[in-house]
Amino acid sequence: MKLQLRIAPAEKCPKADVIAGLDIYCKMVDPGSLTDTNQIKDYIWNRKRHSGEARVMFFYLLYGNDGMVDGFSEFAYLPENRALVIDYLCTRERSHVLFYNFYHMAVEEIERALREKGLFVRYFITELSLNKVNAVLSDPDSNYFRRLLSAEGYKASKYPYYQPPLSRDDELREFCLAFKLASATSNEHFILDSAHYLCIVKELYLSHYLVWYESFPAGGGIAEIIKGLPIRIERELPRSHELEPISLVLCELFEEGQCPKYTAENVTLLKEKTRRWGTVGFIAAWILFSLLTFILCIVFEKSKAVTVVCSFLTIIAGLISVISFGKNRFSPK
C-alpha cells in the first residue's frame, strides 16, 4: 500500500483532530518538557490575541493514509536571528518514515509561508535534554531526536543552556541547543561564536518563552525566572568554540543515552577555568618534582638511598607529565 501523508495547519483543522494531535503530544514528549495543552490550544484557536508578537508560531497536524491524525508539531520563528525553532515534533509511533516526512513537509510549508512575508530562515534550532539518571541520558524523546537529527546534519552546542521551567514548581534543567544552517552546503564548517550564541539565546528566552508565559495569568512566576536566564548564560559562557556534531545515529546504545561518541555535557566558564587550573597544577607539580630530584642528586650524589629516592621521584614526574598530556589531549573542548 502506497504511503500517502499530508500536513495541515492546526488552526484550520477540526477541533477533534487538534485534540487527537495533542493526545499524541502528551504521550510521546518527555514529561519534563510538556507545555500546558490549554496554552497550546489558546495559541492555535485564538491567534488574533497573539498577532502582535514578533516571533511567529506554527502548529501542524500530520494525517496518514486512513485520514487519521498521526502527528503533532510546534515551531517558532525568531525574526531577529532568522531562526526556526523546533519546539515539538511527535508522531503516533516512533517511525523514521513518519518523522522525516513530517519534519520536511512542515519545514517546507513554514519556509514558503515566511517567504510570502519577506522572511527567511538561516538557522534551525532545537533543544536536547541532558537529564541523567545514574549517569545515563534518560529522556527518550530527546534521545530519539538526537538519533534522527544527526542524520539531518544538526550540531550540538557545548555552550551552557537551561530549559525554562514549564511551571512555577519546576526546577531549571540543563539542556543543550542543537543547530543546523539552512544552507546545508556550509553546515560542515559551521562555527558559532559566543557573542552570536548569546544573541540567539536572548531572543529565544525573551521573544519566545517570556512572551509565551506573559500571555497567561499563571505565567508571572515563570516569567521572572526567564528574565534572569540570559544574564546567567552570559556569566557562564566560555571562549568561542566549534559545534559538535550529534553522532548518535550509528550508536546502538542511543536509547539508553550511553553512546560513547556523544559527550552530553555543556562547557561553562567555571568548568573551563577548573580544567585550566587543573592543567596548571599538574605542570607545577611536575616542575617541583623535577627540581627536587635534581637537588637531591647533586647534594647527595654518593648515597644509594638518595639514588633510589631520585629514581622514584623521576618516575612520579614522568607519570605526571603523561597524565597532564592525556588530560589536555583527550579532554572534550
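- Considering D87, I200, I86 in turn, I200 is the only one that fulfils the side chain to side chain contact (heavy atoms under 4.5 Å, CB included) rule with I125.
- For C90 against M28, the heavy-atom pair with the smallest separation is CB-CB, 3.9 Å.
- Remark: R49 qualifies as a cation-pi partner of F216 under the 6.0 Å distance and 45° angle criteria applied to the six-membered ring.
- The side-chain tip of R6 points at the ring of Y63 from less than 6.0 angstrom away and within 45° of straight on.
- The shortest side-chain heavy-atom distance between E234 and K202 falls under the 4.5 Å cut-off.
- Ring-plane geometry between H96 and Y100 is classed as perpendicular, the angle between the planes exceeding 60 degrees on a 0 to 90 degree scale with a lower cut at 30.
- Between atom CG of residue L130 and atom SG of residue C176 there is a gap of 5.0 Å, rounded to the nearest 0.5 Å.
- With a 4.5 Å cut-off on side-chain heavy atoms, T35 and Y88 count as touching.
- A salt bridge between R112 and E116 is present, with a side-chain N of the basic residue lying under 4.0 Å from a carboxylate O of the acidic one.
- Put simply, the side chain of E152 reaches to within 4.5 Å of the side chain of K180, judged on heavy atoms.
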Practice item. Run the numbers on Y161 and Y205 for ring pair (Phe, Tyr, Trp, His ring centres under 6.0 Å), then give the verdict. Key: CA-CA 10 Å; Y161 181 77; Y205 281 144; 5.4 Å; yes
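- Aromatic ring pairs are classed by plane angle as parallel below 30°, tilted from 30° to 60° and perpendicular above 60°; the pair F179 and F190 is perpendicular.
- Taking the six-membered ring where the residue is Trp, Y209 and Y213 present parallel rings, their angle staying beneath 30° rather than reaching 60°.
- Taking the six-membered ring where the residue is Trp, Y43 and F59 present tilted rings, their angle falling between 30° and 60°.
- Side-chain contact between L192 and K155 is absent, with no heavy atoms from C-beta onward closer than 4.5 Å.
- Atoms CG and NZ, from L210 and K227 in turn, are 6.0 Å apart once rounded to the nearest 0.5 Å.
- Note on R146 versus D139: no salt bridge recorded, every NZ/NE/NH1/NH2 to OD/OE distance being 4.0 Å or above.
- Rounding to the nearest 0.5 Å gives a distance of 8.5 Å between CG of L84 and OH of Y77.
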Practice item. Could you walk me through whether D141 and R94 pass salt bridge (Lys or Arg N to Asp or Glu O under 4.0 Å), step by step? Key: CA-CA 9 Å; D141 198 45; R94 295 211 190 280; 3.2 Å; yes
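- Aromatic rings of H196 and Y123 (six-membered ring for Trp) have centroids within the 6.0 Å cut-off, being under it.
- Residues R115 and F120 are in side-chain contact: their nearest non-hydrogen atoms beyond the backbone lie under 4.5 Å apart.
- Contact check for F58 versus P9: no side-chain heavy atoms found under the 4.5 Å cut-off.
- In this structure, Y103 contributes its side chain and L89 its backbone to no donor-acceptor pair below 3.5 Å.
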Point to revise | Chi angles and distances behind the side-chain contact (heavy atoms from CB on, under 4.5 Å) call for L237, I233 | key: CA-CA 6 Å; L237 270 178; I233 296 294; 4.2 Å; yes
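- Under the 4.5 Å side-chain heavy-atom criterion for Ile, Leu, Val, Met, Phe, Trp and Tyr, L198 and I231 are members of distinct hydrophobic clusters.
- A ring-centre distance under 6.0 Å is found for F145 and F99.
- Taking the side chain as every heavy atom from C-beta outward, S142 and D30 approach each other to under 4.5 Å.
- Residues S33 and Q163 have side chains that bring a donor and an acceptor to within less than 3.5 angstrom of each other.
- Linking Ile, Leu, Val, Met, Phe, Trp and Tyr whenever their side-chain heavy atoms come within less than 4.5 Å puts L172 and I226 in one cluster.
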